[in-house]
Amino acid sequence: MKPKQIVPGLILGGIDDLDAMLTMQPDVLAPLDRLPGRIWRTGFRGEILYFPIPDREVLPDDVLEALVSAILARIRGGKRVALFCHGGHGRTGYVAACALFLLGVTEPMPFLWRNYSASAVETDVQMLAVERFCRRHVPRD
């Protein structure tokens with residue numbers, strides 16, 4: 001899979017896409033799995049937001065809130081964030097869906113499936129976590 005800027009400022013991909021993501025000139029890397037030490041040899045000197053998530057799993061709600069807030073603060077500040085895990089689907093899709101919801105995408109999982117990958121948000125636990133996150137953030141009248 002090739003990395004893709006899914007909305008302005010948010011680049012999604014997998015670890016194998018790292019070199020291609022770097023050509024998109026992100027200011028911030030947000031690895032959800034690992035980041036190879038060779039990153040410094042690429043010339044990258046931006047910020048790294050490291051929030052590791054076990055494969056096919058999710059973050060505790062409070063940690064997810066902190067990560068999504070950090071991603072949105074960077075995007076709203078005009079920075080480009082590259083969000084990725086090993087394959088670029090499950091963990092990446094789960095976190096991206098939460099960020100997209102706060103960026104105004106009312107149905108973030110179908111949006112990702114149409115515009116990024118049909119495999120985004122892989123597990124039931126990830127889907128439920130996205131739904132729970134969105135419910136917590138629905139504007140109240």
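Atoms considered below: every heavy atom in the structure, side chains included; atoms not considered: hydrogens, waters and symmetry mates.
Proximity of a side-chain donor or acceptor of R80 to a complementary backbone N or O of I11 within less than 3.5 Å is not detected. A donor-acceptor contact shorter than 3.5 Å links the side chain of R45 to the backbone of W40. Checked by atom type and distance alone, the side chain of Y94 pairs as donor or acceptor with a backbone atom of L59 at under 3.5 Å.
Put simply, W113 and V95 are part of the same group of oily side chains (I, L, V, M, F, W, Y) that touch within less than 4.5 Å, one to the next. When hydrophobic clusters are built by joining Ile, Leu, Val, Met, Phe, Trp and Tyr residues whose side-chain heavy atoms come closer than 4.5 Å, directly or via intermediates, V121 is grouped together with L102. Note on I6: it does not cluster hydrophobically with I15, by side-chain heavy-atom contacts below 4.5 Å among ILVMFWY residues. A chain of hydrophobic side-chain contacts below 4.5 Å, direct or via other Ile, Leu, Val, Met, Phe, Trp or Tyr residues, connects V81 to L103. Side-chain heavy atoms closer than 4.5 Å link hydrophobic residues (I, L, V, M, F, W, Y) into clusters, and following such links, even through other members, never connects L18 to L32.
Taking OG1 of T92 as the start and CZ of F84 as the end, the distance is 8.5 Å to the nearest 0.5 Å. Interatomic distance, R76 CZ to S69 OG, rounded to the nearest 0.5 Å: 8.5 Å. From I75, atom CD1 reaches atom CG of L10 across 4.5 Å, with rounding to the nearest 0.5 Å. To the nearest 0.5 Å, the span separating CD1 on I71 from CZ on F51 amounts to 8.0 Å. With rounding to the nearest 0.5 angstrom, the NZ atom of K4 is 9.5 Å from the CG atom of L12. Rounding to the nearest 0.5 Å gives a distance of 10.5 Å between CE of M109 and CZ of F101.
In plain terms, the two heavy atoms of L22 and I39 that are nearest each other are CD1-CD1, 3.9 Å. Taking each heavy atom of V68 and C98 in turn, the nearest pair found is CG2-CB, 3.9 Å. Nearest heavy atom pair, residue P108 against residue L100, reads CB-CB, 4.1 Å. Residues Y50 and P31 come closest through the heavy atom pair CD1-O, 3.6 Å. Heavy atoms only, all atoms of each residue included: M21 and A82 are closest at SD-CB, 4.0 Å. Heavy-atom minimum distance, V125 versus R56: CG1-O, 3.5 Å.
Residues R132 and M127 form no side-chain contact, since every pair of their non-hydrogen atoms from C-beta on lies 4.5 Å or further apart. For the pair P26 and V28, the minimum side-chain heavy-atom distance is 4.5 Å or more.
Residue pairs meeting the side chain to side chain donor-acceptor pair (under 3.5 Å) criterion with at least one partner in residues 13-35, sequence neighbours excluded, are D19-R38.
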Might you work through the side chain to side chain donor-acceptor pair (under 3.5 Å) test for Q126 and H89, ending with a clear yes or no?
CA-CA 11 Å; Q126 291 168 342; H89 298 106; over 6 Å; no
Starting from the C-alpha separation in whole Å, work towards a yes-or-no answer on side-chain contact (heavy atoms from CB on, under 4.5 Å) for R136 and E131.
CA-CA 9 Å; R136 283 195 312 269; E131 291 169 4; over 6 Å; no
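For E107, there are no salt bridge (charged side-chain N to carboxylate O under 4.0 Å, His left out) partners at least two apart in sequence or on another chain.
Residue D124 places its CG atom among 12 or fewer non-hydrogen atoms of other residues, nucleotides or ligands, all under 6.0 Å distant.
By the 4.0 Å N-to-carboxylate-O rule, R91 lies too far from E57 to be salt-bridged with it.
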